[in-house]
Amino acid sequence: MNIIMTSIFVDDQEKALRFYTETLGFVKKQDVPMGKHRWITLVSPDQQDGTELLLEPNDHPAAKAYQQKIYADGIPATMFGVADMQKEYNRLVEQGVKFTKEPTKIGDITIAVFDDTCGNLIQLIQK
């Protein structure tokens with residue numbers, strides 16, 4: 001069994017697509033119209049056949065409530081790995097990304113948390 005896709009709720013798919021591709025550097029893999037929404041998936045540029053990230057609309061009341069509650073409580077919606085935390089942190093700060101937690105070493109890992117502008121906190125981790 002493999003993880004082939006995971007999703008994240010977003011409040012605006014188009015805005016999320018721009019942020020996740022232009023700012024974070026992910027690559028759009030699928031973009032299929034589905035009524036008033038789209039099936040938009042992204043992949044890592046160096047693993048284009050790897051796990052896909054679905055930008056899921058938060059239109060359902062339960063999805064919106066969940067997203068708002070974990071954000072308010074400071075809980076990241078998902079986690080992305082980076083090879084060099086300080087380099088990635090500096091790159092994102094230069095692009096205007098707002099961090100709620102600067103790079104912090106915890107044992108053998110370093111973490112940081114940023115706001116994705118689409119209703120989520122995202123945690124970065126360097127192992």
Q. Is Lys36 salt-bridged to Asp59, going by a charged N under 4.0 Å from an acidic O?
A.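 Between Asp59 and Lys36 there is a salt bridge, with a charged N closer than 4.0 Å to a carboxylate O.
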
(Q) Strictly below 4.0 Å, N to O, side chains only: are Arg38 and Asp31 in salt-bridge contact? (A)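 Yes, charged N to carboxylate O under 4.0 Å.
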
Using only atom types and a distance under 3.5 Å, with no angle test, would you say the side chain of [X] pairs donor to acceptor with the backbone of [Y]?
X	Y	answer
Thr51	Ile3	yes
Lys28	Thr41	no
Thr104	Glu102	yes
Asp73	Ile75	no
Gln13	Leu55	yes
Asn120	Phe9	yes
Lys101	Phe114	no
Gln47	Ser44	no
Glu56	Ser7	no

Please report the closest heavy-atom contact between [X] and [Y], naming both atoms and the distance.
X	Y	result
Ile40	Leu17	CG2-CD1, 3.9 Å
Ala16	Cys118	CA-SG, 3.4 Å
Glu52	Val43	CG-CG1, 3.6 Å

(Q) As a test of understanding, state which of Lys87, Glu94, Gln86 forms a side-chain hydrogen bond (donor to acceptor under 3.5 Å, both in side chains) with Asn90. (A)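 Answer after filtering Lys87, Glu94, Gln86: Gln86.
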
(Q) Angle between ring planes, Phe80 versus Tyr20, binned at 30° and 60°: parallel, tilted or perpendicular? (A)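 Phe80 and Tyr20: perpendicular rings.
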
Could you tell me whether [X] atom [atom1] has more than 12 heavy atoms of other residues or ligands within 6.0 Å of it?
X	atom1	result
Gln95	CD	yes
Ile106	CD1	yes
Asp46	CG	yes
Lys105	NZ	yes

Q.
Quick check: is Leu24 connected to Leu121 through a chain of hydrophobic side chains (ILVMFWY, heavy atoms under 4.5 Å apart)?
A.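 No, because Leu121 and Leu24 fall into different hydrophobic clusters, even though each may have its own neighbours under 4.5 Å.
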
Q. Same cluster or not: are Val97 and Val10 linked, directly or through other Ile, Leu, Val, Met, Phe, Trp or Tyr residues, by side-chain heavy atoms under 4.5 angstrom apart?
A.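 In one cluster: yes.
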
Q. Under 6.0 Å between the ring centres of Tyr66 and Tyr71?
A.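 Aromatic pair excluded; centres sit 6.0 Å or further apart.
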
Q | Straight-line distance of Thr23 OG1 to Leu92 CG, nearest 0.5 Å | A |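 Answer rounded to 0.5 Å: 8.0 Å.
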
(Q) If you apply the rule side chain to side chain contact (heavy atoms under 4.5 Å, CB included), what do you find for Lys15 with Thr117, and how did you get there? (A) CA-CA 8 Å; Lys15 180 174 144 186; Thr117 74; 3.6 Å; yes

